[in-house]
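This report refers to the structure that appears directly beneath it.
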Amino acid sequence: MTGAEPPLPAWAEQRAIASGTAEVNQAGRDVHRATHVYEAPTPARPSVIRGLRRNSPYFTGREKELKGLLRTATSDPVRIRTIDGMPGVGKTALVTRAAHLLGEQFPDGQFFVDLRAHAQGQSAADPHDALANLLAGLGIDPRSLPATLEGRSGLWRDQLAGRRVLLVLDDAADSDQIEPLLPGGASCMTLVTSRRRLVDFDGGEPLTLNTLPHDAAVTLFSLLARHAPLHPAPDSSAVVNHLVRLCGHLPLAIVLLAGRLAHRPAWTVADLAADFADATNRLGHLVAGTRAVDAAFRLSYQNLPLARRQLFRRLSLHPGPDIDFYAAAALDGVPPDQAADGLEALYTDHLLEEVAPRRYRLHDLLREFAATCCTDHEPAADRDLALERLLTYYRRTIESAEEVIAAHRRGTPALPDANSALAWLRTERANILACLDHASTHGLPTHVVQLDAALAPFLLREGPWPQATALHERAADMAYQHGDLHGGAHAFNRIGLVRYMTADYAAASSFHERALSLFEELADQRGQADTLNHLGRVRATTDDYGAATDFHQRALSLFEELTDQHGQATALHGLARVRYMTADYTASTDFNQRALALFSALGDLRGQSNVLLGLGFVDYLTGNYVSAADVHERALASFEDLVS
């Protein structure tokens, strides 16, 4: 970046005019437009390029398939493999093992993407969103992403050009979902899993994964059960052979069955087989597919305490990809520590996967099983109430997080500070969006409007803004369809704010005016005041200073009637900005000083920081450089406190 000469102070401008040696800046707006503004660089986003799932220490029985995948990395010029097979057959385990073994050959990154083609209660992953996550993993700011799928795909391939990257695409639906995610060069390798034979995908070599060979199935059972097949009884080997056959040699069923024995040291293999007798007919269906897997799930489920069965069932109601114990507590209507114990127990029983410390997910087949149990054993009213608690929990926690961030104050034990609050929002983003989608498709307009409103500040900061606009527009439509004029008005304001951020000022003004009309119809003074401030900012940006002054002044009057000090401070700062842009520096300073006093009394660091910045600019423009430096140093310290 190259610098520019600073504008002349007022006394020097007159001298320059007289001498004819300089062009004069007539007002603050001219300086604002002509002067380069130096901003601190945005902190670099961390790169996440080692994203493979945990490698299972009990992987066995896939030597031939594994060698084939490893050979692809060195001998196949295309280096794309698709692995298909029935649910529970071990596709993900195979590609995860292969990816870990291949990792050193792809030092520039190993990425794992769950495409969710068969995740019950969730839609398949959109390549558009998957690319956003992949590019964010490379350290690219989500707000800078192209809006189109083609643009993101092109950026992804451009970023991978010349790099050696391994990409795992798990549970793919079809070639249309896969194609935009594929690297463009031959230096990368892609492993794709799917329950379907991807007959319409001609970009790679297919591999169909069958059930385990018998010897490998016995070995897997013995490793997981911690029992040697020939110990302690002479006929133990025969019993294990019988058990794995009943499981249809399906790895998922074997894992669940052997896990029961591993956690019951007093049992023998014969005890397990005897206990399993009542389920023999159901387990015989394992070869047929999903219903057979259901038998293995049901055996583990029936051994749970009643309270844990209820938690397991209700986890299927969660629309998102994973869950922590706070959300589980809301869903089940129990204290967080009880939910934490329940999740840990379900994880130990192999009914949950731990995807990150203290974060869990249901395998897609287990989710189907749990959903069936929930429908069979939970009245519809109880299911609705559980989901109501979950959606309310997310909304209230979002609101709490935003309060902590905005005021930069201490929060709850779960959200102790601003950094924790922001981290929580980023971690839960996918879950919250899934809840929004669920509420929308299941006719819950109030939750759509409320969740959208709570999430709006985060979306405004983090983007992508096209997604934020789409969510706000959906909320506005649902509010209108159900006669929620307040909700619709607020949604219009949220759309206007995003349009303002994207420099679509005409649209921003239009949406704010629609919101103002509704708030006036509803006699909602606070809504009117907020909207007037938004309109004032838009009009000031488009040089309509007379209208901007009127809007901010009307907002100030309403906030004074409401005794809303924060609103008053915001309106005063807006008036100060207009005066600054029209070179009325005395009035600008006066308005900002009044705003600063209010923000300081409220402990609003962000408001104080912005006002100090404005005061420093005025000092600079009027030649008071010592004061300008001092005020800007105070602003810098305040901004640093916001991110500390």
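Throughout, residue positions are numbered sequentially from 1 according to the sequence presented.
With respect to the salt-bridge test (charged N to carboxylate O, under 4.0 angstrom), the residues Arg361 and Asp322 do not qualify. Between Asp530 and Arg526, none of the side-chain N atoms (NZ, or NE/NH1/NH2) sits under 4.0 Å from a carboxylate O, so this pair counts as no salt bridge. Taking a cutoff of 4.0 Å between a charged side-chain nitrogen and a carboxylate oxygen, Glu402 and Arg606 do not qualify as a salt bridge.
In summary, of the residues considered (Glu388, His438, Arg395), a side chain to side chain donor-acceptor pair (under 3.5 Å) with His447 occurs for Glu388 alone. Exactly one of His512, His472, Arg514 qualifies for a side chain to side chain donor-acceptor pair (under 3.5 Å) with Asn493. That residue is His512.
Separation of atoms CG (Leu145) and CG (Leu135) is listed at 5.5 Å; rounding is to 0.5 Å. Atom CZ of Phe591 is separated from atom CG of Leu572 by 7.0 Å, given to the nearest 0.5 angstrom. Distance OG/Ser509 to CZ/Arg537: 12.5 Å, rounded to 0.5 Å. Here the straight-line distance linking atom CZ of Arg634 with atom CG of Leu636 works out to 12.5 Å at 0.5 Å rounding. Atom-to-atom distance recorded for Asn610:CG and Leu615:CG is 11.0 Å, nearest 0.5 angstrom. To the nearest 0.5 angstrom, His534 atom NE2 is 10.5 Å from Arg494 atom CZ.
Annotation: side chain of His552 is not in contact with side chain of Leu532 (no heavy-atom distance under 4.5 Å). Contact check for Arg554 versus Leu558: no side-chain heavy atoms found under the 4.5 Å cut-off. Using a 4.5 Å heavy-atom threshold, the side chains of Leu516 and Gln528 count as touching. A 4.5 Å side-chain heavy-atom check between Phe599 and His566 finds at least one atom pair inside the cut-off. Between Val498 and Gln467, the closest side-chain pair of non-hydrogen atoms is not below 4.5 Å. Residues Thr502 and Pro466 are not in side-chain contact: their nearest non-hydrogen atoms beyond the backbone lie 4.5 Å or more apart. Cys435 places a side-chain heavy atom less than 4.5 Å from the side chain of Leu451. The shortest side-chain heavy-atom distance between Leu167 and Pro183 falls under the 4.5 Å cut-off.
Side-chain atoms of His573 never come within 3.5 Å of backbone atoms of Leu596 as a donor-acceptor pair (strictly under, hydrogens ignored). A donor-acceptor contact shorter than 3.5 Å is absent between the side chain of Glu560 and the backbone of Gln568. With hydrogens and angles disregarded, a donor-acceptor distance shorter than 3.5 Å links the side chain of Arg157 to the backbone of Leu182. Using modelled atom types, no side-chain atom of Gln593 and backbone atom of Thr589 make a donor-acceptor pair closer than 3.5 Å. A donor-acceptor pair is defined here as one N or O able to donate and one able to accept, closer than 3.5 Å; no such pair exists between the side chain of Arg116 and the backbone of Asp126. In this structure a side-chain-to-backbone donor-acceptor pair under 3.5 Å is missing from Ser510 to Ala506. Between the Asp324 side chain and the Ala327 main chain, a donor and an acceptor come within less than 3.5 Å of each other. Under a 3.5 Å cut-off, the side chain of Ser517 and the backbone N or O of Glu513 do not form any donor-acceptor pair. The backbone N or O of Asp108 lies less than 3.5 Å from no partner atom in the side chain of Arg164, so there is not a single donor-acceptor pair.
Under the 30°/60° scheme for interplanar angles, the aromatic rings of Phe519 and His486 are found to be tilted. By the 30° and 60° cut-offs, the orientation of the rings of Phe511 relative to Phe492 is tilted. Using a 30° and 60° split on the angle between ring planes, Tyr580 and Tyr585 fall in the tilted class, from 30° to 60°.
The minimum heavy-atom distance linking Arg152 with Pro146 is given by the pair NE-O, 2.7 Å. Gly567 and Asn533 get closest at one heavy-atom pair: O-ND2, 4.0 Å. Heavy-atom minimum distance, Leu181 versus Ala130: CD2-CB, 4.0 Å. Shown here for Val404 and Leu415, the closest heavy-atom pair between the two residues is CG2-O, 4.2 Å. In terms of heavy atoms, Leu575 sits closest to Thr549 at CD2-O, 3.7 Å. Of all heavy-atom pairs between Asp484 and Val449, the closest is OD2-CG1, 4.1 Å.
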Check your understanding: Yes or no on side-chain contact (heavy atoms from CB on, under 4.5 Å) for Leu612 and Phe639, after CA distance, side-chain angles and deciding distance?
Key -> CA-CA 10 Å; Leu612 287 169; Phe639 279 123; over 6 Å; no
Practice item. Begin with the C-alpha distance, continue with both residues' side-chain angles, and end with the deciding distance and a verdict on side-chain contact (heavy atoms from CB on, under 4.5 Å) for Arg594 and Leu598. Key: CA-CA 7 Å; Arg594 292 167 61 188; Leu598 289 170; 5.8 Å; no
Exercise for review: Would you sort out whether Leu455 and Leu433 count as a side-chain contact (heavy atoms from CB on, under 4.5 Å), showing the intermediate values?
Suggested key: CA-CA 9 Å; Leu455 195 59; Leu433 293 178; 3.9 Å; yes
Point to revise | Stepwise side-chain hydrogen bond (donor to acceptor under 3.5 Å, both in side chains) test for Asp437 and Ser440 | key: CA-CA 5 Å; Asp437 289 342; Ser440 176; over 6 Å; no
Exercise for review: With side-chain contact (heavy atoms from CB on, under 4.5 Å) as the test, would you mind laying out the steps for Ile405 and Leu422 before giving the verdict?
Suggested key: CA-CA 7 Å; Ile405 293 169; Leu422 184 57; 4.2 Å; yes
Exercise for review: Take Tyr326 and Trp424 through the ring pair (Phe, Tyr, Trp, His ring centres under 6.0 Å) test and state the conclusion after the steps.
Suggested key: CA-CA 12 Å; Tyr326 288 109; Trp424 182 88; 9.2 Å; no
